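Proteins come first, then strands; the chains are lettered A, B, ... in the order of their sequence lines, and each starts at number 1. Just so it is clear, the structure is predicted and the values come from calculations on it, not from any experiment.
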There are 2 protein chains.
Amino acid sequence: MPATSTPSGGAPRVLGHPSRDAIRLEDVLHALADPVRLGIVLVLDEAEGECSCSVFDAPVSKSTLTHHFRVLREHGVITQAYRGTAKMNALRRDDLEALFPGLLDAVLTAARRQAAAGLGAGAGAAATGRA
Amino acid sequence: MPATSTPSGGAPRVLGHPSRDAIRLEDVLHALADPVRLGIVLVLDEAEGECSCSVFDAPVSKSTLTHHFRVLREHGVITQAYRGTAKMNALRRDDLEALFPGLLDAVLTAARRQAAAGLGAGAGAAATGRA
DNA sequence: CGCGAAGTACGATGAGTCTCGTACATTCGC
DNA sequence: GCGAATGTACGAGACTCATCGTACTTCGCG
């Protein structure tokens, strides 16, 4: 159909993020409760700033990865912005810290500690590239 | 009934808790991600020690409450012990603190803050010291 | 303009779980 | 022993979510 009205197509170039006070603790916790998303957040934390969507070695397909990024964004954990053909991601450290002081840091620290301990067990969890 | 087979009956008087190193961060996060369970943990934290299963004002049925307590226990967040006809619950502060230092405290603090902020929206603005 | 790259959307599927009601087990008090 | 109180187990229903494949859009480049 040559109709240019873009009935259903047309990816929205503008992404909606929740405002700071719209962020709910349960949502953040839920977002962080998934191993894949936890890994993403871990990488984002080390990247500290900008990161494309495809630098993760998560054992999931591209669609699933997109899904997880969306969950993270809609729950207020990260921000996303288009940059040409890529999309830059960043942690919302400031908002999270203002809302739930110490929480992000505690989770991140716990995740790293557990990942380090878990590696010793021999599981091939493909832990997010610990530089 | 003298029948000793008890096919389906027989509540186990002994409860299984995960050992300290069997506690997984994702499980704890997942357990805490539910509003009902978060409320339970909040009450347990203030009770600091002993608490029966039926002192919570959660808007769910008794069965559901039992289910949530089970989840909390099996994910290593609380311990449970029988005491006559009641069952005492307690937070596993020590284990959690040893495994994920600062995490429980951060979550609890964040939960209280958010609860206080949420109350202000409808009830008597009890927001204590909003910076 | 055509092609490759990056990401998204949609639908489907399977698993997990939140909720409930009801029936049952256990303990306490009389 | 009987009844009340507390809590559990089981099964069912509805819902969410994680995962995938495929088709599509948009951008950048030559």
Query raised in the report: When the distance from NZ of A/K62 to P of C/dA5 is rounded to whole Å, what number comes out?
Result: 10 Å
Report summary line: Separation of C/dG16 atom P from B/D34 atom CG, nearest Å, is 18 Å
Requested in this report: Scan residues 65-75 of chain B against DNA chain C and write down, sorted by residue number, each residue with any heavy atom closer than 4.0 Å; if none is found, say none.
Outcome: B/H67, B/H68
Query raised in the report: Which residues satisfy the side chain to side chain donor-acceptor pair (under 3.5 Å) test with A/R93, sequence neighbours excluded?
Result: A/D45
Requested in this report: Report the residues that fulfil side chain to side chain donor-acceptor pair (under 3.5 Å) with A/Q80, sequence neighbours left out, ordered by chain and then residue number.
Outcome: A/R73, A/N89
Query raised in the report: Between B/Q80 and A/H30, which is nearer to the 5' end of DNA chain D once each is assigned its nearest nucleotide?
Result: B/Q80
Query raised in the report: Is there a side-chain polar atom (N or O) of A/T64 under 4.0 Å from OP1 or OP2 of D/dT19?
Result: no
Query raised in the report: What's the CD-P distance between B/E26 and C/dG16, to the nearest Å?
Result: 15 Å
Query - Rounded distance in Å - CG (B/L32) to C1' (C/dC18) - result: 17 Å
**Report entry** Non-neighbouring partners of A/D95 that pass side chain to side chain donor-acceptor pair (under 3.5 Å), sequence neighbours left out
**Finding:** A/R20, A/R92
Query - B/N89 CG to D/dG7 P, straight-line distance once rounded to whole Å - result: 8 Å
Report summary line: Residue set satisfying side-chain contact (heavy atoms from CB on, under 4.5 Å) with A/S63, at least two apart, ordered chain then number -> A/S61
Query - Closest listed nucleotide, where the reference is the side chain of A/S63 and the choices are D/dG7, D/dC20, C/dA6 - result: D/dC20
Report summary line: Residues passing the side chain to side chain donor-acceptor pair (under 3.5 Å) test with A/H30, sequence neighbours excluded, are none
Requested in this report: List the steps, then state whether side-chain contact (heavy atoms from CB on, under 4.5 Å) holds for B/L25 with B/L103.
Outcome: CA-CA 10 Å; B/L25 175 61; B/L103 178 70; 3.8 Å; yes
